[in-house]
Chemist: 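Structure incoming, see below.
Numbered from 1 within each chain, the chains take letters A, B, ... in sequence-line order. Atom set for the values below is all heavy atoms of this structure, side chains included, hydrogens, waters and symmetry mates excluded.
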Amino acid sequence: MPELPEVETVCRDLRSCGLIGKPITQATVLWDRTIQNSTTETFCHSVQGKRIIDIRRRGKYIHILLSDSLHVFIHLRMTGSLSLVSSEMGIGQYDRVIITFNESSLRFSDPRKFGRIMLCDSQTSIYDKLGPDPFDPLLTTDVWFERLHGRQMRIKPLLLDQSFLAGLGNIYADESLFSASIHPCRPAHSLSRDESAVLLESIRHILTTAIIHRGTSLGDGKGNFTSNGDRGENISNLRVYGKSTRPCPKCSTPIQRIVVGQRGTHYCPNCQK
DNA sequence: AGAGCTGTTACCAA
DNA sequence: TTTGGTAACAGCTC
């Protein structure tokens with residue numbers, strides 16, 4: 001779930017929840033290892049009394065700007081989710097961190113405990129290690145082609161490398177490559193100028209469509225990423241992910257599932273050469 | 001019951 | 001530089 005469109009949906013929801021401007025009255029950590037770069041005590045003490053200045057997204061990170069130049073970065077990893085609830089609400093089975101405001105509290109829930117929260121003095125440590133955002137206007141088709149041209153890795157694992165491009169995950173990488181009719185195992189440098197331009201367009205189109213539909217929810221919806229518990233509606237737009245043996249929507253050839261870089265990979269062997 | 005799958009990333013070794 | 005293996009966890013499906 002939590003790839004760029006899902007994280008973007010969470011950020012938009014949090015911004016429209018009226019969270020911005022509110023002071024944090026208390027923070028509680030129920031699973032210590034969720035706090036990645038400081039102790040539970042330091043984290044709780046540091047954020048107490050700070051106000052939420054803004055909520056942004058960088059790649060798959062939720063970036064919460066606090067007063068006094070503090071930055072909280074939240075990564076949902078596989079099963080993390082955020083929800084804003086009444087502070088009276090009882091603690092959930094999978095709640096790992098609770099940030100309380102006066103009447104409401106932001107709960108970080110995460111069954112698999114992979115999600116991470118970091119507290120930083122500046123945003124650079126996170127921002128600098130990530131590649132460009134797919135929607136970055138500085139990422140022109142020329143820049144994109146040159147970036148691909150210098151790499152001999154297979155295109156799919158490269159798209160999943162967050163230091164190369166920030167935000168794509170397994171679902172949207174497969175969908176973007178299908179949309180661009182590019183085989184996931186093509187060496188990145190083998191893409192022509194035209195193919196690379198089509199790929200960038202495809203990535204942007206796939207992500208834009210997914211954001212409009214509030215992301216993709218898989219499974220039964222438990223531990224869903226959205227802050228209000230609603231499911232993302234993008235699953236109906238998926239054309240290859242999770243569709244192995246089903247007919248390709250372009251040519252009716254059965255969709256194949258292979259493993260590329262230890263990740264399940266779905267593609268059409270006829271359309272993606 | 002048990003094996004194998006999963007949306008992510010960090011780290012290590014070759 | 002690139003690839004593969006493992007690990008962090010827990011729930012789900014078959």
Chemist: What is the distance, to the nearest angstrom, from the CZ atom on Arg112(A) to the P atom on dC12(C)?
Modeler: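 One finds 12 Å between P of dC12(C) and CZ of Arg112(A), rounded.
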
Chemist: Side chain of Asn170(A) only, heavy atoms from C-beta on: which candidate in dT8(B), dC5(B), dA10(C) is closest?
Modeler: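 Side chain of Asn170(A) sits closest to dT8(B).
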
Chemist: Taking CG from Leu218(A) and P from dT8(B), how many angstroms apart are they, rounded to a whole number?
Modeler: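 In whole Å, dT8(B) P and Leu218(A) CG are 10 Å from each other.
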
Chemist: Quick one: Met153(A) CE to dG4(C) C1', roughly how many Å, whole number?
Modeler: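 Taking CE of Met153(A) and C1' of dG4(C), I get 13 Å after rounding.
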
Chemist: How is the base pairing of DNA chain C summarised as a dot-bracket string, given the Watson-Crick and G-U wobble criteria with both distances under 3.5 Å, [ ] for crossing and | for another strand?
Modeler: .|||||||.|||||

Chemist: Select one nucleotide: of dT6(B), dG11(C), dA8(C), the one nearest the side-chain heavy atoms of Phe114(A).
Modeler: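 Within the option list, the nearest is dA8(C).
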
Chemist: Give a yes-or-no answer on whether the side chains of Gln123(A) and Tyr61(A) include a donor-acceptor pair shorter than 3.5 Å.
Modeler: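 Side-chain D/A pair, Gln123(A) to Tyr61(A): absent.
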
Chemist: Could you check whether Arg263(A) gets within reach of a base, just the sugar-phosphate, or nothing at all, counting any heavy atom under 4.0 Å?
Modeler: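 Since a base atom lies under 4.0 Å of Arg263(A), the category is base.
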
Chemist: With C1' as the reference atom in both, quote the distance from dA1(B) to dA8(C) in angstrom, rounded to an integer.
Modeler: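 To the nearest whole Å, 25 Å.
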
Chemist: Are the ring centres of Trp31(A) and Phe114(A) closer than 6.0 Å?
Modeler: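 No, they do not, as the ring centres are separated by 6.0 Å or more.
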
Chemist: Cation-pi between Arg239(A) and Phe178(A): NZ/CZ under 6.0 Å from ring centre and within 45° of the ring axis?
Modeler: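 No; the conditions do not both hold, so Arg239(A) does not lie above the ring face of Phe178(A).
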
Chemist: For Met78(A) and dC5(B), give me the distance from atom CE to atom C1', rounded to whole Å.
Modeler: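 These atoms are roughly 10 Å apart.
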
Chemist: Under 4.0 Å: is that the gap between some side-chain N or O of Lys129(A) and OP1 or OP2 of dA10(B)?
Modeler: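 Result: yes.
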
Chemist: Has His205(A) got more than 12 heavy atoms of other residues, nucleotides or ligands less than 6.0 Å from its NE2?
Modeler: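 Result for NE2/His205(A): open.
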
Chemist: Report the nucleotide, chosen from dT8(B), dG5(C), dT2(C), that has the shortest atom-to-atom distance to any side-chain atom of Glu3(A).
Modeler: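 The nucleotide sitting nearest to the side chain is dT8(B).
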
Chemist: From the list dT8(B), dG4(C), dT6(B), which nucleotide is the closest neighbour of the side chain of Tyr241(A)?
Modeler: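 Selected nucleotide: dT6(B).
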
Chemist: Figure out the CZ/P separation between Arg154(A) and dT3(C), and round it to whole Å.
Modeler: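 After rounding, the reported distance stands at 5 Å.
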
Chemist: Flag yes if more than 12 heavy atoms outside Asp121(A) fall under 6.0 Å of its CG atom; otherwise flag no.
Modeler: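 For Asp121(A), atom CG is not crowded (no more than 12 foreign heavy atoms under 6.0 Å).
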
Chemist: Measure CD1/Ile126(A) against P/dT8(B) and give the value in whole Å, please.
Modeler: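 One finds 17 Å between P of dT8(B) and CD1 of Ile126(A), rounded.
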
Chemist: Does this structure show an ion pair linking Arg57(A) with Asp133(A), if we count only N-O contacts that are shorter than 4.0 Å?
Modeler: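 Yes, charged N to carboxylate O under 4.0 Å.
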
Chemist: Please determine, for the side chain of Arg77(A), which listed nucleotide (dG5(C), dT2(C), dA8(C)) has the closest atom?
Modeler: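 The closest nucleotide is dA8(C).
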
Chemist: Find the distance Arg257(A):CZ to dG4(B):C1' and express it as a whole number of Å.
Modeler: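 So the CZ-C1' distance, Arg257(A) to dG4(B), works out to 11 Å.
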
Chemist: Grab the NE2-P distance between His266(A) and dC5(B) for me, whole Å please.
Modeler: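 The answer, rounded to whole Å, is 12 Å.
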
Chemist: Do Ser179(A) and Ser176(A) meet the criterion of a side-chain donor-acceptor pair at a distance under 3.5 Å?
Modeler: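 Result is no, nothing qualifies.
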
Chemist: Closer than 4.0 Å, any side-chain N/O of Gln262(A) to the OP1 or OP2 of dT3(C)?
Modeler: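 Negative; the distance criterion is not met.
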
Chemist: Distance only, no hydrogens: is a donor on one side chain within 3.5 Å (strictly under) of an acceptor on the other, for Thr208(A) and Arg204(A)?
Modeler: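 Looking only at side-chain atoms, Arg204(A) and Thr208(A) do not form any donor-acceptor pair under 3.5 Å.
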
Chemist: Given dT9(B), is OP1 or OP2 found less than 4.0 Å from the side-chain N or O atoms of His75(A)?
Modeler: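 Answer yes for this pair, as a side-chain N or O of His75(A) is under 4.0 Å from OP1 or OP2.
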
Chemist: Under 4.0 Å: is that the gap between some side-chain N or O of Arg151(A) and OP1 or OP2 of dT2(C)?
Modeler: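 Answer is yes, contact under 4.0 Å.
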
